[in-house]
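Atoms considered below: every heavy atom in the structure, side chains included; atoms not considered: hydrogens, waters and symmetry mates.
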Amino acid sequence: MSKKVLIIGGGIIGLCTAYYLQKEGNVVTVIDKSDFSSGASYVNAGYITPSHVISLAAPGMISKGIKWMFNSESPFYVKPRLDMDFLKWTLAFKKSATALKVEKAIPVIKDINLLSRELYQELKASKEFDFFHQHKGLLMYYQTEKAGEEEWNVGKKAIDLGLKVENLSKEEVCKIEKNVDLNIKGAVYYRSDAHMTPNEFMPQLKSYLEKVGVTILGNEEVTDIEVKDGNVVSVTTKNQILKADEFVIATGSWSQNLAKKLNINIPVQAGKGYRINVDRETNITIPAILMEAKVAVTPMNGFTRFAGTMEIGGINHNINPVRVNAIAKAAAQYYPNLKINQQEIDDAQCGLRPLSPDGLPYIGKSSKCKNVTFATAHAMMGWSLGPATGKLVSEIIADKKTSLDLSPFHVDRKF
């Protein structure tokens, strides 16, 4: 049965959700506080990553975070602040960062990533879109034996899950990435991964949705939500009141604040990441992660993107030049013949990635509100998990059997 659905949030998750809901015959409206041209969905590394099976809440991250807290150039920077939501999130993160919980999450993360990769391939094969999408895998470059051993241990877990992974020497890497000078000891090569150009796909998806009748409204910030008898009745923005049968919250780092209006607590912190685009020819042909620096390198359509760092410091879009310079410095350390220039550094942008305490997204309904579905907190995998999340939400709203077991993503889960 066709339903009227309002999606709050127009990033990759919100637009993919609109795509699958519209396919099911629903009348869909998407609103966003932005103008649909900026944010994490436009500045990310564009990875589709079945290889990323270890959640952010991994054992050892707390001690690393404390060590890195005093270095604003560090890959994972937590800005200490006296904020109750932040302190509660930190405690929940600490409780989630156990070997047992991480092991339990590995197949869950792999399965949702593989579903999403398959759906991206379907989108690419359809006549609805024409976007850049390459399945070349992902090279995890390491400069120290310790980092190489740690990543190979992850690689072996991925092999046990059925993914194709190889441990390559520097010489073997140079045979496949032939025209790049590399300062590395070797790489763990995940053949499972693919990559795209986010700021090319997002406008295509938005245009397609408008063409098929989805209403898309920018600069619509939610100021109030009316709830009656456990159901949302309407959403008030600065400009209008919007009513629907079903509501989807896909507001990323802003989701916790919005959920509070429904008396629902979903811990989410914003993890700021930066990107530098290099329009010059770099000869880089295969996506890579510079392991010690935690910098992602993606050969996109017409340019190479260097993206990275995780900065947990609240919701803001302030660009920290120290952290942008750390990305440029890392590029020079791994690619000795490549120097990112000042103009490229000055043109850097940032985006906020929504982090749950256990590294798993929230997908589904809370027991406190019958007609609201959450689709948020995808951490660094928002791009990767867009189509899978959209499809799952459409199945939830249609009361269909979902493509995956949703219990690990439960909105009301305790940490």
Pairing donors with acceptors under 3.5 angstrom, does anything connect the side chains of N153 and E149? no
With a 3.5 Å cut-off and no angle check, do the side chains of N316 and K272 form a donor-acceptor pair? yes
Is it the case that the side chains of R305 and N199 hold a donor-acceptor pair, with the cut-off being a distance below 3.5 Å and no angle test? yes
Taking atom types as modelled, find out whether E150 and Y142 have a side-chain donor-acceptor pair closer than 3.5 angstrom. no
Check ion pair K365-E246 (N to O, under 4.0 angstrom): yes
With a 4.5 Å heavy-atom cut-off, do Q333 and E292 have their side chains touching? no
Locate the shortest heavy-atom distance separating S366 from V411; write the atom from each residue and the value. CB-CG1, 4.0 Å
Looking only at side chains, do T237 and N239 share a donor and an acceptor under 3.5 Å apart? no
Any non-hydrogen side-chain atom of I109 less than 4.5 Å from a side-chain atom of L360? yes
Any chance the side chains of H378 and T389 put a donor and an acceptor closer than 3.5 Å? yes
Look at atom NZ of K260 and say whether more than 12 heavy atoms of other residues, nucleotides or ligands are closer to it than 6.0 Å. yes
Exam field: side chain D405 to backbone S407, donor-acceptor pair closer than 3.5 Å: yes
Give a yes or no answer on whether the side chain of T298 reaches the backbone of G46 with a donor-acceptor pair at less than 3.5 Å. no
From CD1 (I397) to CG (L392), nearest 0.5 Å: 11.5 Å
So, does H410 use its side chain to make a donor-acceptor pair with the main chain of G364 at under 3.5 Å? no
Honestly, is K124 close enough over F131, meaning NZ or CZ under 6.0 Å from the six-membered ring centre and within 45° of the axis? yes
Surrounding CD1 of I241 (heavy atoms of other residues, nucleotides or ligands, distance under 6.0 Å), is the total greater than 12? no
Have a look at D358 and tell me which of R413, K414, K101, K104 forms a salt bridge (charged side-chain N to carboxylate O under 4.0 Å, His left out) with it. R413
Between A330 and A293, the two heavy atoms sitting closest are CB-CB, 3.5 Å
Which atom names give the shortest non-hydrogen contact between M291 and A147, and what distance separates them? CE-O, 3.6 Å
Pair M381, H52 - check side-chain contact (heavy atoms from CB on, under 4.5 Å), show working. CA-CA 8 Å; M381 292 186 289; H52 281 35; 4.3 Å; yes
Counting distance only, does the side-chain N/O of E221 pair as donor-acceptor with the main-chain N or O of K238 below 3.5 Å? no
Mind listing the closest non-hydrogen atom pair of V165 and G155 along with its distance? CG2-O, 3.7 Å
Check whether any side-chain heavy atom of L205 lies under 4.5 Å from a side-chain heavy atom of C16, and answer yes or no. yes
Let me see the working for Q256 and N265 under side-chain hydrogen bond (donor to acceptor under 3.5 Å, both in side chains), right down to the final yes or no. CA-CA 7 Å; Q256 182 168 14; N265 182 41; 3.1 Å; yes
Check: N341 main-chain N/O paired with E344 side-chain donor or acceptor under 3.5 Å: yes
Please give me the minimum heavy-atom distance between L355 and W89, naming the atom from each residue. O-NE1, 3.0 Å
Heavy atoms of other groups near K3 NZ, more than 12 under 6.0 Å: yes
Would you call K157 and E103 a salt bridge, using N to O less than 4.0 angstrom? yes
Would you say D412's side chain and S367's backbone share a donor-acceptor pair under 3.5 angstrom? yes
Does the side chain of T402 pick up a donor-acceptor pair with the side chain of E395 at under 3.5 Å? no
Measuring only between side-chain heavy atoms, which start at C-beta, is E311 closer than 4.5 Å to Y274? yes
I264/Y362 under side-chain contact (heavy atoms from CB on, under 4.5 Å): CA gap, chis, key distance, verdict: CA-CA 12 Å; I264 295 169; Y362 302 107; over 6 Å; no
Contact check, side chains of L385 and I363, non-hydrogen atoms, under 4.5 Å: no
Please evaluate residues T29 and L217 with respect to the criterion side-chain contact (heavy atoms from CB on, under 4.5 Å), reporting the C-alpha separation (whole Å), side-chain torsions for both, the decisive distance (0.1 Å), and the verdict. CA-CA 8 Å; T29 299; L217 305 170; 4.2 Å; yes
Give a yes or no answer on whether the side chain of T376 reaches the backbone of T251 with a donor-acceptor pair at less than 3.5 Å. no
Give a yes/no verdict on a cation-pi contact between R81 and F86, requiring under 6.0 Å between NZ or CZ and the six-membered ring centre and an angle within 45° of the axis. yes
Distance-minimising heavy-atom pair for F132 and E200: N-OE1, 2.6 Å
Check the side chains of D193 and T49 for a donor-acceptor pair under 3.5 angstrom, ignoring hydrogens and angles. no
Spacing of Q342 atom CD and N325 atom CG [to the nearest 0.5 Å]: 6.5 Å
Rounded to the nearest 0.5 Å, how far does CG of L163 lie from CG of N113? 9.5 Å
If you draw a 6.0 Å radius around NZ in K136, do more than 12 non-hydrogen atoms from other residues or ligands fall strictly inside? yes
Could you work out, with side-chain contact (heavy atoms from CB on, under 4.5 Å) as the rule, every residue matching K206, not counting sequence neighbours? L15, F36, E210, I216
As an exercise, state the distance from CZ of R323 to SG of C350, rounded to the nearest 0.5 Å. 11.5 Å
Can a salt bridge be assigned to the pair E128 and K23 using a cut-off of 4.0 Å between side-chain N and carboxylate O? yes
Any side-chain heavy atom of I315 sitting closer than 4.5 Å to one from N257? yes
Can you check side-chain contact (heavy atoms from CB on, under 4.5 Å) on I225 and F247, steps first, answer last? CA-CA 11 Å; I225 300 176; F247 297 81; over 6 Å; no
Looking only at atom types and distance, does a side-chain atom of S394 sit under 3.5 Å from a main-chain N or O of K391, one as donor and one as acceptor? yes
Is there a side-chain contact between P361 and F409, using heavy atoms and a 4.5 Å cut-off? yes
CG (L138) and OG (S192) are apart, to the nearest 0.5 Å, by 8.0 Å
Counting only N and O atoms by type, is there a donor-acceptor contact under 3.5 Å from the side chain of N371 to the main-chain atoms of N231? no
Just say parallel, tilted or perpendicular for the rings of Y19 and F129, cut-offs at 30° and 60°. tilted
Mind checking whether L6 and V232 have side chains closer than 4.5 Å, heavy atoms only? no
Report the distance from atom CD1 of I266 to atom OG of S356, rounding to the nearest 0.5 Å. 9.5 Å
